[in-house]
Amino acid sequence: MSYFVPCTPEGRSSWSQITALDGVSYVLTFRWVQREGHWLLDVADAEGGAIRSGLALVADQPLLRGVVDARRPAGELVVVDTTGASDLDPGFGDIGAPGARFVLQYVTATELAA
């Protein structure tokens, strides 16, 4: 079953959090790139070893597609536009906060296999 990954930017342009995906802990680091006007996501293992860096948070695109590292999450991460419009990518204040337009969703390995 898919679920939303809690994100708590609290007005910060960069933060890291430990998140369990399919029962495995990962370090997710979110970075706002002002010059380009979008968020980037870095995914690391629980010890901080980089799995993939610089994933652009764009709406309705599988973020882990093409990541072949055996340590990667077994499922898929997707940015979901809660309005259903999917006409924009998340801006600085648009992701993760309560009532935010965009949320990060994790589709479990079991759901992908079904």
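The structure presented is a predicted model; accordingly, all values stated were derived computationally and were not measured.
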S.K.: Looking only at non-hydrogen atoms, find the nearest pair between D60 and D81 and report the distance.
M.R.: OD1-N, 4.4 Å
S.K.: Same cluster for I51 and W15 if Ile/Leu/Val/Met/Phe/Trp/Tyr side chains link at under 4.5 Å?
M.R.: yes
S.K.: How long is the span from the NE2 atom in H38 to the CZ atom in R31, to the nearest 0.5 Å?
M.R.: 9.0 Å
S.K.: So how far is it from T82 OG1 to Q105 CD, rounded to the nearest 0.5 Å?
M.R.: 11.5 Å
S.K.: How long is the straight-line distance from CG of L77 back to CG of L41, given to the nearest 0.5 Å?
M.R.: 6.5 Å
S.K.: What I want to find out is whether R52 reaches D69 closely enough, with some N-O distance under 4.0 Å, to be called a salt bridge.
M.R.: no
S.K.: Would V107 and L64 show up in the same hydrophobic cluster when neighbours are defined by side-chain heavy atoms closer than 4.5 Å?
M.R.: no
S.K.: Return the minimal non-hydrogen interatomic distance between S53 and D42, and the atom names on each side.
M.R.: CA-OD1, 3.3 Å
S.K.: How long is the gap from CG on L63 to CZ on R72, to the nearest 0.5 Å?
M.R.: 10.0 Å
S.K.: Consider only side-chain N and O atoms of T19 and Q17, and report whether a donor and an acceptor are under 3.5 Å apart.
M.R.: yes
S.K.: Grab the two heavy atoms, one from G49 and one from R71, that are nearest each other, plus how far apart they are.
M.R.: O-NH1, 3.5 Å
S.K.: Stepwise, does the side-chain contact (heavy atoms from CB on, under 4.5 Å) test hold for L28 with V43?
M.R.: CA-CA 5 Å; L28 303 180; V43 180; 4.0 Å; yes
S.K.: For C7 and F30, work out which heavy atoms get closest and say how close.
M.R.: SG-CZ, 3.7 Å
S.K.: When hydrophobic residues are tied together by side-chain contacts of less than 4.5 Å, even through go-betweens, does V58 share a cluster with F102?
M.R.: no
S.K.: Quick check on the hydrophobic clustering: are L104 and V67 connected, directly or via other members, by side-chain heavy-atom contacts under 4.5 Å?
M.R.: yes
S.K.: Heavy atoms only: give me the nearest R65-E76 pair and the separation to one decimal.
M.R.: N-OE1, 3.5 Å
S.K.: Would you call the rings of Y3 and Y106 parallel, tilted or perpendicular, where under 30° means parallel and over 60° means perpendicular?
M.R.: tilted
S.K.: Taking the six-membered ring for Trp, are F92 and W32 parallel (under 30°), tilted (30 to 60°) or perpendicular (over 60°)?
M.R.: perpendicular
S.K.: Return the CG to CG distance between D89 and D94, rounded to the nearest 0.5 Å.
M.R.: 10.0 Å
S.K.: Can you name the nearest heavy-atom pair linking L88 to A59, along with the distance?
M.R.: O-CB, 3.5 Å
S.K.: With rounding to the nearest 0.5 Å, note down the distance linking CG in L55 to CH2 in W39.
M.R.: 14.5 Å
